[in-house]
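To find a chain, count down the sequence lines: A is the first, B the second, and so on, and within it residues start at 1.
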Amino acid sequence: MNHLEFEKPLIELYEKIEQLKSLSKTSEINLDQEIEKIEKRALMVKKDIYSHLTPPQIVQIARHQNRPDSLSLLHLMSDSFVPLHGDRLFRDDPSIVGGLASIGGHKVVVIGHQKGHDTKENIYRNFGMPHPEGYRKALRLMKMAEKFKRPIVTLIDTPGAYPGIEAEERGQAEAIARNLKEMAAFTVPIITFVIGEGGSGGALAIGVANKVHMLEYSVYSVISPEGCASILFRDATKSDLASASLKITSEDVVRLGIADGVIAEPLGGGHHDWNAVSKCIKNQIVSDLKLYSKMDPSDIMEERYQKFRNMGQYSS
Amino acid sequence: MNHLEFEKPLIELYEKIEQLKSLSKTSEINLDQEIEKIEKRALMVKKDIYSHLTPPQIVQIARHQNRPDSLSLLHLMSDSFVPLHGDRLFRDDPSIVGGLASIGGHKVVVIGHQKGHDTKENIYRNFGMPHPEGYRKALRLMKMAEKFKRPIVTLIDTPGAYPGIEAEERGQAEAIARNLKEMAAFTVPIITFVIGEGGSGGALAIGVANKVHMLEYSVYSVISPEGCASILFRDATKSDLASASLKITSEDVVRLGIADGVIAEPLGGGHHDWNAVSKCIKNQIVSDLKLYSKMDPSDIMEERYQKFRNMGQYSS
Amino acid sequence: MSILDWLSKKQKVSPQAEKLNIPGDLWVKCKSCSEVMFIKDLEKSFKVCIHCEYHFRITPDERLSYLFDKKSFKEIDGGIKPIDFLEFTDTEPYKKRIELAQKKSNRSEAMIIGEATLNNHPINVGIMDFSFMGGSMGSVVGEKVTRIIENAIINKAPLFIFTSSGGARMQEGITSLMQMAKTSAALSRLSDAGVPYVSILCDPTTGGTSASFAMLGDIHIAEPGALISFAGPRVIEQTIRQKVPKGFQRAEFLLEHGMVDMVVKRKDLKQRLLDIVTLLGVQEG
Amino acid sequence: MSILDWLSKKQKVSPQAEKLNIPGDLWVKCKSCSEVMFIKDLEKSFKVCIHCEYHFRITPDERLSYLFDKKSFKEIDGGIKPIDFLEFTDTEPYKKRIELAQKKSNRSEAMIIGEATLNNHPINVGIMDFSFMGGSMGSVVGEKVTRIIENAIINKAPLFIFTSSGGARMQEGITSLMQMAKTSAALSRLSDAGVPYVSILCDPTTGGTSASFAMLGDIHIAEPGALISFAGPRVIEQTIRQKVPKGFQRAEFLLEHGMVDMVVKRKDLKQRLLDIVTLLGVQEG
Ligand SMILES: [Zn+2]
Ligand SMILES: [Zn+2]
């Protein structure tokens, strides 16, 4: 597993524990007490680190290579899952996945950005950055959900839209905009989870939801800290400052009224326990859908509309 | 002007008339009586030829290089015309044109296949053979018509869908099929004119109409006579036979119950008088729309549905 | 079953399998990989080559037996028959072609429709038969597709259509073209009724069939290697002199190009359809 | 008008025109073709270069005067003002940036909305002002776009929005991103109401503005040469090291790629809008 830089004190303790364990085995000296002591200390250090995370550190966790990905979470939380492909227009975009699923007895349509866990996967998935056909695939699946009255669950995990020639040629601005407009009018509930990076328009394009939940160490931002640093701060090295200024952590986004709640992650981050993460998401889905199953379709649409209608701070 | 082969006797008479005229000018001999005689004869020959046209001859007229094209007809018959472009997905396909128009006081959305009158134009227009984006542009405009309750007028003039790699890659089967399905559900009236070639799926993709009118020398066919000859007759030279067997002339197609009526063309074919053709089409549009303006939207849809629902001959 | 019965049955159901001159005729050679296998093994594997997974074309009866509950299929409108209303003759009269095809297939047309059950889920089914005049769509196929759609609108059970067709039936002229509009229009009403439609695209699905009901499924499943196109490779190469790339217009190509949801091996198809019916087929509330 | 007034006005409205050191300052040099022309001639030609037809960026007031009936524009909600709710500071505090922009433009934000008439046809109008912090969309722009949409839903008159914007206003963080959803959602209701919306895309229309209300018109009109993109050329070149081709993401490129209906010269725009309003704007029956 890749370790994050700020976990260094912790990693050193773990290494010590390993050394002692191996020593105790080869030398037959009982070091159990020693080990236990250091283990306790490690836990304290871990708790300490994770209770004082800075925004840039959270960004690192959100982007962690072992962060649970959409497909894995969907498989973990679904009783049954049928992946569907294609926008029926141009291409199947591997950076957006989706399909039919049964989650805790609820039959839903699921959609998510898909990153990889190694370079090969990431190239195939375009690092989770959709082309227009990805948004259009998502829209096709959402329309199917609306047609068959299935709630929609989306998982956001993307650095953002893809800044490439072909993505522009094929109209990614139009594709994103259309999703925003169409999602506003669906009468089935839409539940969104930001599970890693929520990057700009590429994230929002599947995020116009009745409920937007953020995993504890996920981020949601109008622009990447790096982009913001180079454009606004005119200094690419100031991305840490930018990440703090932009207010992108789950706590901040909820405080701003943009997300509805934070879903706690296992101590040390979701990448240590995908199963636990999937369970938390599943529980949230089940509890949300219980609520919406009693609600009128037009009220569900109205709730979502008003939620976004009221976003913004200004003086009049 | 290009002359058709079967007009040869006529052309010879015209040439004679020209010779006499020029002779009478240079020699100052009065040949008016002679000329008048041959002119009368030419008219008789013309009437004779055009009252005994064979299907392959009609195919030639339908494909005539000076056949009035959609854009020209639209400009001629519209009081006001705003061309619109693009499928909002991939490309603007020059082989399909369309826009907003006012025709005889009726505000409508118009769509048509577009051929050229010379090689350069034809290459630009892909000889009137759409790519998928053409059908998708047409669908976008038709949806706009439905949204704003504007009747739809379509002009069919295409050899057919484009048998090319890119057209297949981008899903022309899907694009045609989707149009057929969506057109069935529109509540605004759809009036279609086959103005030249009505070639296969590429034609039908804008032809699911309440009224399908055919210009006298237009054809409408499931496959080109050439294609049919090489596939069914296993002999590419038998296209004349195929064109007769397939029953593709306006008269035949009306007799089969697929088209609603024939719009007479000027003697000698529409290519001699675009203006006259445009007036006939305009009159038909105005008279049709007068009818539909009194009809309930759901009845308009139902009429179109039943029309196509009942096509087919079988024994049960 | 006598050996003669068995042989005659085999001949009917394995049009693509090259018969070998081996005593008893118990072997077939795969058209794709040229490997030889026991016909019994081929049949056990859903008529999929045990060496290269090439999917042989199969008959409607075989499809029914692979997927649906035993004897659950009840045919609808089996008696609709084609008419030669254009008195069309190419290298042979259409009338004669029809008779021949009917005799060969023991079926009146290139498609059967009916109701069946899939693990007790009621399903509306349409299956095309490529061996009947290339599965071409004339008035009868168009009418049958439309009727099974209308049936689904009434009984609200999911609709599965298995396509295998060279396109429109030219011998019925412009009327065959109109079957595209007719079937697609009917599907528009099926959509309004909220009934799921799964289109299963089998080899080959081309021309007017692909450009109408085959491409209008809520979900598109393709059989591995199936040719799916509007204009097929030969038409493209002949008409515009473009050489088509390898794998062009095959099921896997269409998956990449966003036109089908999945390519499913014949042995996995039943479970996949069952999952879809479970997830999409039963309306809540 | 005194020469000083005239000068100060000119400076405001011609940010792209390079001033020449010629007595009286009556000349401008075109940014595109470098030709020099009388500023009077430039203004007579709708701020379009008389040599190369380069379309200079213009102010909302100029747009109003070019298109709508004299004094017909009634501003709506001109008093909504931005707040620095994140206490954001980059190279300068957001608060200070706002103040500066307000002072420079004599406007409270990067957009005006209101009602006007076009040859007596009532129109709902929104015009963005690129000179105000790059026309960036924060809470105020988002709210104003939404309000003019809501206004149109009530009065049923067509909506024209002239976009000119670098995208979302980063200084308002995630809240600025949400303006994309908010404005697009409002347009969904405008569609339901059957009110025509013409989006006029002016130079530049990029980022979150292009990926929301700018791209959701019933009809898209682009000004010649306008840059229209989500990720602009510089972002693409920097991020993925792709060199963009000439003309990429310009109005004419978008026309070819199916994203806009027409590219209309400024001098022809009024007539075109009038035609559209006549053909689309008045509901029959
Ligand atoms: Zn094989
Ligand atoms: Zn210039």
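Partners of K181(B) according to the side-chain hydrogen bond (donor to acceptor under 3.5 Å, both in side chains) rule, which considers only residues two or more places apart in sequence or in another chain, are S191(C).
Residue R136(B) does not touch chain D at all, counting heavy-atom pairs closer than 4.5 Å.
Below 4.5 Å, heavy atoms of chain B meet heavy atoms from D218(D), I219(D), H220(D), all part of residues 209-222 of chain D. Identified by a heavy-atom distance below 4.5 Å to chain B, the contributing residues of residues 260-268 of chain D are V260(D), D261(D), M262(D), in residue-number order. For residues 81-94 of chain B, a heavy-atom distance under 4.5 Å to chain D picks out V82(B), P83(B), L84(B), H85(B), G86(B), D87(B), R88(B), L89(B), F90(B), R91(B), D92(B), given by residue number.
The NZ atom of K107(B) lies 7.0 Å from the OG1 atom of T278(D); values are rounded to the nearest 0.5 Å.
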